[in-house]
Amino acid sequence: MPDRIADIWGERTPHAKGTVWPARVDLHLDEGVEEQDVDRWVQSACLLCSNGCGCDIAVKDGRMVGVRGRGTDVVNHGRMGPKGLYGSTPWASSPDRLTRPLVHEGGRLVETDWQTAMGRIVDESKRLLDENGPLTHGFYTSGQMFIEEYYTLAVIGKAGLGTPHMDGNTRLCTATSAAAFKESFGADGQPGSYTDIEHCDAIFLYGHNMAETQTVLWMRILDRTRGEDPPKVVCVDPRRTPVAEEAERTGGVHLAPRVGTNLALMNGLTRELFHNGWTADVWVAEHTIGVDDLRKVVEPYTPEKVAEICGVEPHDLRRAAAIFGQSKSVLSTVLQGFYQSHQATAASVAVHNLHLLRGLIGRPGSGVLQMNGQPTAQNNRECGADGDLPGFRNWNNQKHVQELADLWNVDPLTIPHWAPPTNAMQIFNYAEKGSIELLWISATNPAVSMPESSHIRKILSGDQCFVVVQDLFLTETAQLADVVLPAAGWGEKTGTFTNVNRTVHLSDKAVDPPGEAKSDLDIFLMYSEAMGFTDRDGAPLPTWSTPEEAFDAWRAATAGRPVDYTGLSYDKLRGPTGIPWPVNEEAPEGTDRLYTDPVFPTDTDQCETYGHDLLTGGTVTEQEHRAMAPNGRAFLKGAPYTPAHELPSDDYPLLYTTGRTVYQFHTRTKTGRSSSLHEAAPDAWVELSEQDADNLGIREGDVVSVESPRGAIEVRARVGNVMPGAVFAPFHYGSWDLEDVAPDQQHRLANELTMTVWDPVSKQPCFKTAACRVTKVRAGDGPAPAPTTAASAPARKGSVPETAGGEPTTSEVLTETPDYPNDPAAGTAHPAPTGTIAGRS
Amino acid sequence: MPHLSTYVGLADHSEKTLAESFRAVADGHAQAADVFHTCHMLAQWSENHREGLKPIVERYGEDADVDEPERLHADGLAEVRPGEIGLLRDLQDLHVLADLVQTTWTVVLQGAQGLRDHELLDVAISANAETSRQLSWLNTRMKAAAPQALIVDPKE
């Protein structure tokens, strides 16, 4: 009965390089429910990190009562993480679910019926369209919806209304991933696969605390590093995370660059490859473009120069470069430590450069995984409800726009394509100025999650913009809305979504949503019908009304594009496992990895973007792109390091950086309503190094004030493992549950301090590069509410009580490992590990 | 070489004007975070071009006395205009200035080739390339801002 709060990763199933990852089925059921009591199991996949683990939802008496990993699923081989186990279902039956629409009246929100609520939206929408046209409308969506919902919204927004103002909170988490792929390879799309873990000789994690953010994928890595012939791990992170510890244990390296200096480090690593002759020159000449410029750009970044900028020892840099340069195969993974930091796209592109210089791409064990925040986020990128056109089409390519116009039977000029669709930060800027007068927010909580959050709350609460919020709960954002629409959540509606390594899962409806709540798809369709959107022939737009019809329409939209779903169907997805795209006639069972040829989608007529200047974000024109004649070669692009926008000063001497904890997800809408998860990390904290804590006279648990030029929080201090000079705060904590915490703990919103500034290419905000000062407010009466199990552990082990107390779960290692289609190690399954082998962990 | 020194002077002056104007637009539109940070960065590029030109100026002199080219001197942006449409107009003015800078470098580049002056050639080539990047950003930013500013810019 493992307590998966205390034991985050569960039992090890070590295995040797090149063999199939053994299966282990994890299960959690509500207290008092036994497996045999479950009425039915409904197929789905977990949403609570970007891993997208296949699972089944347990239903009893019309309620979701637990989840079980799917042993046959290629993504997780049956495992689930603590968030998936404990956080997937409790929110659904929480008494504070929204069950009826609300409208703003007399200064407060009052319950109403759907007709009234939708009527208000439609009246406002029609009035604005008549007066000033579609540019008055903005949509800020989530990373949480399904393909069917994103695609439907994309059609309504781009072909029905014709507004370019559509983005999602995916902008905060995954925009750099997409941007980096587009710059290097011509189009979005994850080249690598999770199966690279079984085959690689080294794993580089850049700004990616995988042990906490993707616990199941980290189990997969641990099962390699604790087995025979383990890979070396290299970790780039300013905190001493479990990943950093594993790096040291495996003979790899932990590089802790100063916050905001990633690109200088990457330039140093790249220079080492050139200077040591670790480049595959013939391959580079055949399959890439730009090597000479890149060599020039990185030349100044000697190990000594990098040491000066980043505070990383030259010796460590050289060792990390040697591991990259000399391993036969390397897997790289990247996450928010790069994406939400300074020069995000340039630093992430630099990871691609390292792989391209060595020709380490498109082969088992040699992959790049630019991670997301959640599996559904990928679909916002694919379907075009964020700053892209559906199917990885290029807004700057008239033929691509014409394809969409034909598909939707509308005038191509209806589809806004004069510039890239408006990014989230700019949408809020227009809403502040009053030129976006209707802002529709679905399934996300910008009042907590966006930078400089008090500014965002001011925009939403002002009179200049009519705000619609569609969500499961009365979030901090919903409280500021003019109309609130109650939405159905995961398990209460049917749809598909795609995880980081392109694996598509179907999530079937398990139970009815509460009260009058409706699926996001039904809400969007209701709006579209009431608005009377039609195509050129007067037919309704969109033409579909069910999730399956929406999926089929999406499949048609992907034909001929790199993101090819044409070979998928709901029937096919009801099989034993999720299936990675492209799925088509050539690859009916899906595709484990891209670019095996290695031909990249960089051709001028095919690519998703002509590219950008990595320093300014200025766009490359079609003529310039055509003149470079990339013709299937990948781009090697570099940029010099520049200092971050806000550097420490006498007033604000410390670097402020934000991040996540293993037990919470986003703004805790779901995880905060699971008692196991809530109690493991109940309130905000900040982490200080021992050295800084000593200098400031701060001890574990003391209440401290953390201030930046934009705001302040008052939270308890964890004397932890962050690098000296840096301060870490988890971003999850807003105010919806403030009644449950003491009044003195109410100033805890980490994003009060972050800056309104974003990467020039990906437009992803920088959450990790502010300056701050820390002062002691008063002595504490116990330890900080930070968990001890992962990166937030105290610097002195055992100095505070260990985090534990999760409800019981079960975990069964299967005696026979199922067959996984597309797994390059297929047929190598060993008998399940015995207790003795597992004991080696 | 009176006219080369005139054009060296023109390059120096117009880069100075451009740098000052980028800074004026940055600070005047500071609420647009990307404009603020990018314009400051691009102002620094223009300053760097002037640094690169220093030894050349010392060698050839910097002549502003010749009548003809002096008429090309452009005024910078001393202050900015308010609102979205104001931002658009300011970016457009920066584009005009940067265009003057670029054509000046093109002319200097021709002179450098004729003189086989490698040092000047290097300075002119790299400055010219960076001016292209300044222009490309201005163009990108104007295209993104234009529809909203032209169609739904709220009245001040």
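Side-chain atoms are counted along with the backbone in the values below, which use heavy atoms only and exclude waters and symmetry mates. Throughout, protein chains are lettered first and strands after them, A, B, ... in sequence-line order, and every chain is numbered starting at 1.
- Of the inter-residue distances, the one linking B:Glu130 atom CD with A:Asp613 atom CG reads 9.0 Å to the nearest 0.5 angstrom.
- Using a 3.5 Å distance cut-off with no hydrogens or angles, the side chains of B:Thr38 and A:Thr616 do not pair a donor with an acceptor.
- Using a 4.5 Å cut-off between heavy atoms, A:Trp418 contacts chain B through both its backbone and its side chain.
- Under the 4.5 Å side-chain criterion, counting only non-hydrogen atoms from C-beta, B:Phe36 is not in contact with A:Thr756.
- Heavy atoms from other residues, nucleotides or ligands lying under 6.0 Å from CZ of B:Arg50 number more than 12.
- Scanning both residues, A:Tyr430 and B:Ala145, for their nearest heavy atoms gives OH-CA, 4.2 Å.
- Contact between A:Ala419 and B:Lys143 at its shortest, heavy atoms only, is CB-O, 3.9 Å.
- The most heavy-atom pairs under 4.5 Å with chain A, out of B:Ala144, B:Ala149, B:Pro147, come from B:Pro147.
- Only the side chain of A:Gln426 comes within contact range of chain B, with at least one heavy atom under 4.5 Å from a heavy atom of that chain.
- Only the side chain of A:His165 comes within contact range of chain B, with heavy atoms under 4.5 Å apart.
- Atoms OG1 and CG, from A:Thr619 and B:Asn139 in turn, are 7.0 Å apart once rounded to the nearest 0.5 Å.
- Across B:Thr140 and A:Gly617, no two heavy atoms sit closer than the pair CG2-O, 4.0 Å.
- Between A:Ile436 and B:Gln148 the shortest side-chain heavy-atom distance falls below 4.5 Å.
- Side-chain atoms of A:Pro760 and B:Asp34, non-hydrogen and from C-beta on, never get closer than 4.5 Å to each other.
- Contacts between B:Leu138 and chain A at a heavy-atom distance below 4.5 Å are absent for every atom of the residue.
- In this structure, A:Lys433 places its NZ atom where more than 12 heavy-atom neighbours from other residues, nucleotides or ligands lie under 6.0 Å away.
- Annotation for B:Gln31 and A:Asn429: closest pair O-ND2, 4.2 Å, computed over non-hydrogen atoms.
- Highest contact tally toward chain A, considering only B:Ile151, B:Val152, B:Leu135, is held by B:Val152 [criterion: heavy-atom pairs under 4.5 Å].
- Open room surrounds CD on B:Glu79; 12 or fewer heavy atoms of other groups in view lie less than 6.0 Å from it.
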